[in-house]
Each structure stands twice: as C-alpha cells, then as structure tokens.
Amino acid sequence: MRLQSTRGKSGEVNFKQALFQGLAPDGGLYYPVESKSLKQLFTSLDSTHDFNHIAKAMSHAWLRDEWDETTIDAIVNRAFHFSPRCTSLTESMHVLELFHGPSSAFKDFGACFLASCMEEILLEEERKAIILVATSGDTGSAVAQAFFDKKNIDVVILYPSGRVSSLQEKQLTTLGKNIHALEVAGAFDDCQRMVKEAFCDKALNSRLTLTSANSISIGRLFPQSFYYVYAYAQLKERLQDNFVFCVPSGNFGNLTAGMYAWTWGLPVSRFIAATNINDVVPEYLKTKLFSPRASVHTLSNAMDVGNPSNFERMMMIFNGDGGKMAEMVHGEVVTDTQTRDEMGRLFHASNIFVDPHTAVGITACQRYMDKPENKNTAGVILSTAHPAKFIEIVEQATGNTPGIPDNLKKALALTKQATKVNNTLSDLREFLMDNFRH
Ligand SMILES: *Cc1c(COP(=O)(O)O)cnc(C)c1O
C-alpha cells in the first residue's frame, strides 16, 4: 500500500512505515495513493463468508507488497477473535453491530489490527516499542485491550484522575502485564500535553522507541473498511439496489473507511454522515464552508469533535470537489433530545437497547428514509458501542438497565492497578526510565 500525506509535502511511504509514524512529517494524514478495483472479490462474496475471510482477502489485495499471504493470514487471525453481527430493525433497516470486541466498541477493529501488525513488524525487526496514549476515557480502552500481551510492545496510558467513569477506569487499569496505567493529577489536556512533550524529548527518544496508536493511523483506518464489505456480503440478498450506510460520526474515520471501500468498488448508493450538534461536516455539505470550532459536550460524547481530522482524507477522495462529496455524502444532525427520545422509543416499541451514538445513527437514517425521494432505499446503520458502555444514559432514556456483556463484567470485578503521577513531563520521564530499558 503506497501512502502519501494529505498535505503533499512528505515523501511516499508504505503501510509498515506509516504504522510507526501516525501523522506524516508535514502534519497531514496518510492516504492510499492508488485505487484498486476489488469488484471481483465483492461480487464473489455472500453471507457464507465470515469476517476473517473478508479481512484476509482485502489485506491480501492491499498488503501483498509488504507481507506474504501466510503472514497476512496470521496477522488477521491474531487480530480478530470477534466479528461484527448484522441484525434488522425493519425489512429495510439493518444494524451492523460493531461492539462485540474486547472493549465493546467499534474502535476494537482498528486497534486490534494495528496491534497485530505492529507486533509482527517488531518481531521481524527484533526491536521493541512503547505506545504512549492519552485518553479522556473511552478511546484508551480499545488500545489497552488490543495491545494486551502483545510481544515486544508496552503500552503506557495516561488518564485524568477522577474524570473517567468507573467502568472506563476499570477497563484501563485492570489488564496488567504490558499495559501500564498512569493516573494523572490533572485534566485530559495535561495528559495530552505530557505525551506530546515526551515525543519531543530528545534524551528520552534516544533511549526508548516511543510511538502512538492514534485513531488517525492508517493501520486503524484500513481494517475499518472490512466491515462495510462484510455487511454487504451478509445482507446482499436482502438489500435493494439502493442502499445507504449511515455512520454516527465524530472524527470521521469510520465514514472515511467506508468511502474507501466504495472507491474500491463496493456498490453503495450513498453515505449518511450522522452527527450530534457538533455538525461541522453536515454544515459543510450544505454550504461548502468548513468552519471548525470548539466542540460542545453531548450525550454521544465520543462524537464531540469540533475539528474532524479525517475531513482532509474525505476531501482527497473527491479531489477537493465539495459538490461531488455532497452528492455521495448526506449530512443529518441529531440533538440530545432526539437521541434520548429514540432510545426510549426503541426500547418501548421493540425492547431494544441502543447506546446514544447508535441512536444518533438510527434517527438520522430514519429521517433520510422517510423522505419521499428515498422511498425504495434500504439503510445499514453502524452501531458503534454496546449500550452497557453508556449505562447511565441508557437507564435515564429507557427506565431500564441493559444486560452487561461478560468482558465488561469481568473488568468490573478486577482490582484497579495504576501509578499516580503529577501532570509534568518529569514524572512521565521518570516512570519510563525506571520501567523500560530498550
Ligand atoms: C469514536 C466513536 C465514534 C466516532 O467515530 P469517528 O471515526 O471518530 O467518526 C462513534 N461512536 C463511538 C461509540 C465511538 O467510540
């Protein structure tokens, strides 16, 4: 996979090189330079093909210059001990459940594939790396679970003391082995600053290989394209010619991955970009003006993004033509009141619990399909988190408690293990120097 920066001022790299860089040196995001037609593969698939089969086939097509097929198969097998599932709300509305992985949210797909690839490379090159992550609660757990017990990799997670939910804290702090939690006396911004400072600290970087596992990494984005193809294969016999993917979006990585699958030949009619009131992208699709701003706190807080970084990648797909983008991507904005109402309605009508992010997606998709011109359209909504991850909000909206999956129950029962540190680089440096020698 040949990759270039969206800002065009860095050299071309391959997939392996991009994995350890995260951002390109010019501050842009890596995107695949060439397109490939995978139409033949997509046509050959049906509901008998499981997720791992699709992940392997797509990885063979894209990563054949970097690994042989046996190695790719091993990477995929190590990454995915879980699969998406398709369910249906009505005859024309389907839900792609992406929350059956280790942290019960869709970010598991990207994080597990990235972890598996990094482990492979580090073993091949006989070197070690430390992943540094700052988290406000939700995103850190997918990374922690994904890298747990991976060879030659340690993960250091910084989280703000007292500002993450108790479930989130358990998910971050109970794994042990190569996963190290630092409880920072400070806010999320302090955690983020400390990580950035560590990456810039020459003495530290001369002794240790520090790397990130950002959601903008192409190693997390690429595998997210697999489940769009999986949904298509599963539902193909039941989908009308017109079908849309509706994606609850914040930083727009998920939607970008779906659009990549489309550019490779997946027969999608349109994408719906469903957001909460942080609606920079839906606004752009209407006005062609991109005006990033500070984010606003909402119920679907993993989508509280005021300056979505993947917008640069979306623009590249359409060669900068906003009109073309607006033909393919339709924006819908959903308020907290509408989100809560939809959660309550679904529970009372059908006994179904959904998390607030998924509720944004369902509301947006319903609104789109209710329009007369979209009468013969089917919708596939990406369900991004298990309702038990947002249990207080779900309880308030439905008056009931969703079942808790085993992986979350297990985490809740374990004892927290975290090292308390001050919000300074010197505390982080000391922790790293004391604990790791490469
Ligand atoms: C991260 C996240 C999103 C948003 O995904 P993007 O790729 O950032 O658009 C939606 N729902 C949940 C539960 C998330 O964790």
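Both ligands and their constituent atoms are indexed starting at 1 by order of listing.
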*Asks:* Just which atoms of ligand 1 are under 4.0 Å from any heavy atom in Ser249?
*Replies:*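 Taking each heavy atom of Ser249 in turn, ligand 1 has 9 (O) under 4.0 Å.
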*Asks:* Under 30°, 30 to 60°, or over 60°: which ring-plane class applies to Phe226 and Phe51, parallel, tilted or perpendicular?
*Replies:* tilted
*Asks:* What atoms in ligand 1 come closer than 4.0 Å to a heavy atom of Lys107?
*Replies:* 1 (C), 2 (C), 3 (C), 14 (C), 15 (O)
*Asks:* Nearest protein heavy atom to atom 3 (C) of ligand 1, by residue and atom, and its distance?
*Replies:*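 Answer, as residue, atom name and distance: Phe106 CE2, 3.5 Å.
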*Asks:* Could you tell me, atom by atom, which parts of ligand 1 come under 4.0 Å of a heavy atom of Ala385?
*Replies:*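 Answer, ordered by atom number: 13 (C).
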*Asks:* Can you tell me if Phe99 contacts ligand 1 (heavy atom of the residue under 4.0 Å from the ligand)?
*Replies:*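 It does not; every heavy atom stays at 4.0 Å or beyond.
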*Asks:* Within the 4.0 Å heavy-atom shell around Asn251, which atoms of ligand 1 are there?
*Replies:*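 Those qualifying, in numeric order: 6 (P), 8 (O), 9 (O).
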*Asks:* Validate the cation-pi geometry between Lys39 and Trp264: distance from NZ or CZ to the six-membered ring centre under 6.0 Å, angle to the ring axis within 45°.
*Replies:* no
*Asks:* What are the atoms of ligand 1, with element, lying closer than 4.0 Å to any heavy atom of Asn254?
*Replies:* 7 (O)
*Asks:* For Trp262, check side-chain hydrogen bond (donor to acceptor under 3.5 Å, both in side chains) against everything at least two apart and list the hits.
*Replies:* none
*Asks:* Using heavy-atom distances only, which candidate in Thr384, Asp304, Thr256, Thr139 approaches atom 13 (C) of ligand 1 most closely?
*Replies:*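 Of the listed residues, Thr384 has the closest heavy atom.
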*Asks:* Could you list which atoms of ligand 1 come closer than 4.0 Å to a heavy atom of Gly253?
*Replies:* 6 (P), 7 (O), 9 (O)
*Asks:* Could you name the option among Ser309, Gly250, Gly258 that has the heavy atom nearest to atom 9 (O) of ligand 1?
*Replies:* Gly250
*Asks:* Mind checking whether Phe390 has an N or O less than 3.5 Å away from an N or O of ligand 1?
*Replies:*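 Between Phe390 and ligand 1 (N or O atoms, distance only) the closest approach is not under 3.5 Å.
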